[in-house]
**Q** 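Below: one structure in structure tokens.
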Amino acid sequence: MSDTVDALIRARAELGDKPFVIDTTSRMSYAELDSVTSSLAGAMVNAGIGKGSRVGLIMGNNIRWVQLALALTRIGAVLVPLSTLLTTRELAAQLHTASVQYLIAVEEFRGHRYLDDLTGLPALRQVWRADELPTATRVTGIGEFADTVVPADPMVIMFTSGSSGPPKGVIHSHGNALGAVRSGLSARCIDADTRLYLPMPFFWVGGLAGGILSALIAGATLVTEEIGEPETTLRLLEREKVTLFRGWPDQAEALAYRAADVPADLSALRPGSLEALLAADQRAEPGARATLFGMTEAFGPYCGYPADTDMPRSAWGSCGKPFDGMEVRIADIDGGDPLPAGAVGMIQIRGPHTLRGVCRRSREEVFTADGFYPTGDLGHLDDDGFLFYHGRSDDMFKVSGASVYPSEVAAALREIDGVRAAFVTDVDGRVGAAVVCSGRTTDELRAEARARLSSFKVPAVWLLLDSDDDVPRGTTGKVDVRRLRELLAAQA
């Protein structure tokens, strides 16, 4: 079994001309993947990158992203995928947290500029624009570099948000990451015949693990695009005869809504795809199919059920069962004691496929004494081992699949001149902010927020208050979030 990226690429090179990744302008075969990443790895070695070097990568989904990422991991460098949604300030914070030494970035993407004002980063040695990389040259000894990489070596640092808001860098090894992907392939219905379209960005675990590495391990073909629009995406699905569409349900629903106006032959799609795009006779009853459940710390889904198969009736509405290699227990939120089947508590995970650690945190800060990782999610296990999700134990909510922590957004808003207090909550899937300030308009606040926060974190609903006395509070003085949400909803 291939437990490092290099060994996996070498094994898959025998697939020859079979397409590995297809984007809107080009395609790359498995044989080309081996040769191109080997040459790029040689250039990286010549540039001073080696085993253990931490290398940031920021660009949109395309074949070049795949080539660079896999070339780095072949020689044991640690890949640090970075979000194209980051502001310069957020980017600098993540570069600092991960002690990134080399950065490869496009200068601009969808209005975001990444290379302006990157100062105060003592670990950062070199920055390359994506079109200014060293010449790709195969050099003697690349195999020697790759041969030193073992499954226990760190492969990637993926950023996610911590329960208190600030980003945290989650460390995964070659062995635990590839093992996690393998464990979920059958549940995701990915095999060698799959032509997979997955709209998630490669800088998220959904794109890297669920897309690139899933296709590589299965010997499948991945279809991707930098910027998806309903019409172009539908044409791409038709042209490339995509058999499996994974991602978020709202994306599939948006495409299905437009499909009537943009006739496209999607007959190649098979069960296991998001059901909005399937023919009516291929869809399941609501709740019958598992919603794959996971997180960055588990390197993707750690719980599920074959996506083309109904679960037992008693498990409808669940997330399925934990995959092989993952132990799940439910613990009391306050005391941490294990709870019996049926009891709701904190979901904790343990096993060879979980994270290896978190940047700048000790093992004792991350794991329990017996090695479990407290996820911050609430759930219960039934008598048959199916996991039911009950939400977050903190105040996180999702906007278009991305995590938003009110404390992080509120802290950024409080930095704005004239803002005396800020309170943030979920308003029907949008970010809502009640701000105590004077002399500032909503448009001004929104512009200031955009300079400090990723676009999905910028409040869409605003309530300007004259005094802290106008903030709804309970009898203990704590903010009444339910009432605050009602006030914000009235502004929407």
Side-chain angles (χ1 to χ4, degrees), residues 2 5-41 57 59-74 79 81 130 136 138 178 181-182 184-186 188-204 206-229 232-247 251-252 255 264-274 277 300 307:
S2 303
V5 171
D6 176 72
L8 184 58
I9 290 174
R10 293 188 192 195
R12 286 288 174 260
E14 67 185 18
L15 296 176
D17 292 337
K18 180 176 182 177
F20 171 48
V21 180
I22 297 170
D23 64 22
T24 54
T25 61
S26 57
R27 56 190 61 215
M28 176 176 61
S29 71
Y30 275 91
E32 290 168 333
L33 170 69
D34 184 26
S35 62
V36 171
T37 56
S38 179
S39 296
L40 276 172
L57 179 59
M59 57 178 25
N61 281 21
N62 55 40
I63 286 176
R64 192 60 169 171
W65 199 106
V66 178
Q67 293 171 341
L68 291 167
L70 296 184
L72 288 165
T73 55
R74 289 191 76 167
L79 172 67
R138 188 184 298 273
L178 298 180
V181 175
R182 281 194 186 93
L185 281 183
S186 61
R188 296 198 296 273
C189 300
I190 299 174
D191 57 30
D193 296 324
T194 300
R195 295 175 72 85
L196 169 68
Y197 178 88
L198 189 131
M200 295 179 177
F202 292 157
F203 57 74
W204 281 345
L208 177 58
I212 296 171
L213 294 178
S214 289
L216 181 59
I217 290 173
T221 297
L222 175 66
V223 179
T224 190
E225 55 187 339
E226 283 194 347
I227 302 173
E229 298 291 345
T232 56
T233 298
L234 288 167
R235 297 299 185 200
L236 182 63
L237 297 177
E238 177 183 45
R239 183 174 70 248
E240 298 301 337
K241 296 180 172 57
V242 168
T243 64
L244 190 65
F245 185 108
R246 303 295 303 172
Q251 294 169 315
L255 288 176
D265 181 4
L266 303 183
S267 60
L269 287 175
R270 67 189 191 201
S273 298
L274 293 176
L277 292 172

**Q** Going by heavy atoms in the side chains, are Leu244 and Tyr197 under 4.5 Å from each other?
**A**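 Side-chain contact under 4.5 Å: no.
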**Q** With a 4.5 Å heavy-atom cut-off, do Tyr30 and Asp17 have their side chains touching?
**A**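 With C-beta onward as the side chain, the pair stays apart.
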**Q** Say whether, by atom type as modelled, one donor and one acceptor occur between the side chain of Thr232 and the main chain of Gly228 under 3.5 angstrom.
**A**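 Not at all, since once roles are kept as given, no pair shorter than 3.5 Å links the two residues.
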**Q** Between Lys241 and Asp193, is the closest basic N to carboxylate O distance under 4.0 Å?
**A**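 No.
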**Q** Which distance, rounded to the nearest 0.5 Å, do you find between the OG1 of Thr24 and the CG of Asn62?
**A**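 Going from OG1 on Thr24 over to CG on Asn62, the span is 8.5 Å.
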**Q** Is there a side-chain contact between Leu196 and Thr221 in this structure, where contact means two heavy atoms from C-beta onward sitting under 4.5 Å apart?
**A**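 Leu196 does not reach Thr221 side chain to side chain.
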**Q** So, do Leu234 and Leu266 sit near enough that their side-chain heavy atoms are less than 4.5 Å apart?
**A**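 When only atoms from C-beta onward are counted, Leu266 and Leu234 do touch, with a gap below 4.5 Å.
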**Q** Between atom CG of Leu208 and atom CZ of Phe202, what is the distance when rounded to the nearest 0.5 Å?
**A**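 Atom-to-atom, Leu208:CG and Phe202:CZ are 9.0 Å apart.
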**Q** So, the side chain of Arg188 versus the backbone of Gly272: is there a donor-acceptor pair under 3.5 Å, distance only?
**A**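 No.
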**Q** Might you point out which heavy atoms bring Ala307 and Cys189 nearest each other, and give the distance in Å?
**A**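 Answer, listing the atom of Ala307 first, then Cys189: N-SG, 3.8 Å.
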**Q** Compute whether any side-chain donor of one residue and acceptor of the other, for Thr233 and Glu225, lie under 3.5 angstrom apart.
**A**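 Checked: Thr233/Glu225 side chains pair up, N/O donor to acceptor below 3.5 Å.
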**Q** With side chains defined as the heavy atoms from C-beta onward, is the minimum distance between Leu33 and Leu216 less than 4.5 Å?
**A**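 Answer yes - side chains close enough.
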**Q** Side chains of Arg246 and Ser273: any donor to acceptor distance under 3.5 Å?
**A**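 Arg246 and Ser273 do not have a side-chain donor-acceptor pair below 3.5 Å.
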**Q** With rounding to the nearest 0.5 angstrom, report the CD to CZ distance, Gln67 to Phe20.
**A**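 Separation between the atoms: 10.0 Å.
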**Q** Taking everything shown except Lys18 itself, do over 12 heavy atoms lie less than 6.0 Å from its NZ?
**A**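 Correct, the count exceeds 12.
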**Q** To the nearest 0.5 Å, what is the distance between CZ (Arg195) and CG (Leu222)?
**A**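 CG of Leu222 is found 10.5 Å from CZ of Arg195.
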**Q** Applying salt bridge (Lys or Arg N to Asp or Glu O under 4.0 Å), can you list everything that pairs with Arg74, at least two apart in sequence or on another chain?
**A**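 Salt bridge (Lys or Arg N to Asp or Glu O under 4.0 Å) check on Arg74 returns Asp6, Asp34.
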**Q** Taking the side chain as every heavy atom from C-beta outward, state whether Pro81 and Trp204 have any pair of such atoms under 4.5 Å apart.
**A**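 Sidechains of Trp204 and Pro81: no contact.
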**Q** Heavy atoms, side chains only, cut-off 4.5 Å: are Arg27 and Glu240 in contact?
**A**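 In short, these two side chains touch, coming nearer than 4.5 Å.
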**Q** Once you round to the nearest 0.5 Å, how far does CD of Glu14 lie from CZ of Arg12?
**A**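 Between Glu14 CD and Arg12 CZ, I get 7.0 Å after rounding to 0.5 Å.
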**Q** Does the side chain of Glu32 come within less than 4.5 Å of Thr37's, by heavy atoms?
**A**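 No; the side chains remain at least 4.5 Å from each other.
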**Q** Considering all heavy atoms of both residues, which atom of Ala130 and which atom of Met59 are nearest to each other, and what is their separation?
**A**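 In terms of heavy atoms, the two residues are closest at CB-CE, 3.4 Å.
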**Q** Give a yes or no on whether the backbone of Ala209 and the side-chain of Ser214 come within a donor-acceptor separation of less than 3.5 Å.
**A**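 Yes: the side chain of Ser214 pairs with the backbone of Ala209.
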**Q** Once rounded to the nearest 0.5 Å, what's the spacing between atom CG of Leu70 and atom CG of Leu40?
**A**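 These two atoms lie 10.0 Å from each other.
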**Q** Please confirm whether the backbone N or O of Ile217 pairs with a side-chain atom of Arg182, one donor and one acceptor, at under 3.5 Å?
**A**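 Absent.
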**Q** I'd like to know if the side chain of Glu238 and the backbone of Ala264 have a donor-acceptor N/O pair within less than 3.5 Å.
**A**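 No; zero donor-acceptor contacts below 3.5 Å.
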**Q** Quick check on side chain to side chain contact (heavy atoms under 4.5 Å, CB included): which of Leu198, Ile63, Asn61, Val66 does Thr224 satisfy it with?
**A**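 Only match with Thr224 under side chain to side chain contact (heavy atoms under 4.5 Å, CB included): Asn61.
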